[in-house]
Amino acid sequence: MRDRGLTLGGILPGDIAIVDLGQPPPAGDLGLASITERSGWSRSVIRLHRPPYLVAMTQEPSLLTPTLIDYDSVVLRGRVIAVIRDLVTA
């Protein structure tokens, strides 16, 4: 995780997500998505899957706008099956 999009779900920046790319996330589960910006740059995010949206679980105002999954600029890649935290550096 690189942002604070899932802090209310207990997932913090620096945590590592294990993703099953062969399985789409069911509604209410965490999923990995690729978002392609208008500039052509892509970024990956992990968010809560609330069809047809991806939503953050945070109090950070800049991340609270839901992202519409349109399968053009926003594509679901897989289901998060585990999260790992390095307790030594956390």
Side-chain angles (χ1 to χ4, degrees):
M1 287 298 297
R2 294 179 187 220
D3 64 19
R4 297 190 153 287
L6 296 172
T7 55
L8 294 179
I11 300 172
L12 304 174
D15 288 355
I16 299 168
I18 308 299
V19 179
D20 182 350
L21 296 175
Q23 186 178 46
D29 215 345
L30 295 179
L32 173 71
S34 293
I35 300 175
T36 303
E37 305 292 340
R38 291 183 184 185
S39 64
W41 288 96
S42 290
R43 61 187 173 99
S44 296
V45 297
I46 296 174
R47 295 288 187 263
L48 184 64
H49 183 219
R50 295 279 188 199
Y53 298 101
L54 295 172
V55 296
M57 297 169 57
T58 185
Q59 292 178 333
E60 193 165 319
S62 65
L63 299 175
L64 289 178
T65 303
T67 304
L68 178 64
I69 303 166
D70 62 6
Y71 295 99
D72 184 32
S73 61
V74 179
V75 179
L76 283 174
R77 296 291 180 200
R79 178 182 185 188
V80 175
I81 58 172
V83 176
I84 301 169
R85 178 171 300 147
D86 184 355
L87 296 176
V88 174
T89 60

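Each residue takes its place number in the sequence, starting with 1.
Residues Val19 and Ile16 are members of separate hydrophobic clusters, defined by side-chain heavy-atom contacts under 4.5 angstrom among Ile, Leu, Val, Met, Phe, Trp and Tyr. One hydrophobic cluster, built from ILVMFWY side chains closer than 4.5 Å, holds both Tyr71 and Leu54. Both Ile11 and Leu32 belong to a common hydrophobic cluster when Ile, Leu, Val, Met, Phe, Trp and Tyr are linked at side-chain heavy-atom distances under 4.5 angstrom. The hydrophobic cluster containing Val75 does not contain Leu21, counting ILVMFWY residues as joined when their side-chain heavy atoms lie under 4.5 angstrom apart, directly or transitively. Leu8 and Val80 end up in the same hydrophobic cluster when Ile, Leu, Val, Met, Phe, Trp and Tyr side chains are linked at under 4.5 Å.
In this structure, Pro52 and Leu68 have side chains that are in contact, with non-hydrogen atoms separated by less than 4.5 Å. No side-chain heavy atom of Tyr53 sits less than 4.5 Å from a side-chain heavy atom of Leu48. By the 4.5 Å heavy-atom criterion applied to side chains, Ser44 and Arg2 are not counted as neighbours.
Between the side chain of Asp15 and the backbone N or O of Leu12 there is at least one donor-acceptor pair closer than 3.5 Å. Counting only distance, with no hydrogens or angles, the side chain of His49 and the backbone of Gly31 share no donor-acceptor pair below 3.5 Å.
The local environment of CD in Gln59 is sparse, with at most 12 non-hydrogen atoms from other residues, nucleotides or ligands closer than 6.0 Å.
Screening Thr7, Ile46, Val83 for a side chain to side chain contact (heavy atoms under 4.5 Å, CB included) involving Met1 leaves a single residue, Ile46. Tested against Val74 for a side chain to side chain contact (heavy atoms under 4.5 Å, CB included), the candidates Asp70, Asp72, Leu76 yield a single pass: Asp70. Of the residues Thr58, Asp3, Thr67, the one that meets the side chain to side chain donor-acceptor pair (under 3.5 Å) test with Arg47 is Asp3.
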Ser42 and Thr36: CA distance, side-chain angles, deciding distance, side chain to side chain donor-acceptor pair (under 3.5 Å) verdict: CA-CA 4 Å; Ser42 290; Thr36 303; 3.1 Å; yes

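Note that the CG atom of Asp20 and the CZ atom of Arg79 stand 8.0 Å from one another [nearest 0.5 Å].
Counting all heavy atoms, side chain and backbone alike, Arg85 lies closest to Gly10 at NH2-O, 2.7 Å. Pairing each heavy atom of Pro51 with each of Ala27, the nearest pair is CD-CB, 3.6 Å. Contact between Met57 and Gly9 at its shortest, heavy atoms only, is CE-CA, 3.5 Å.
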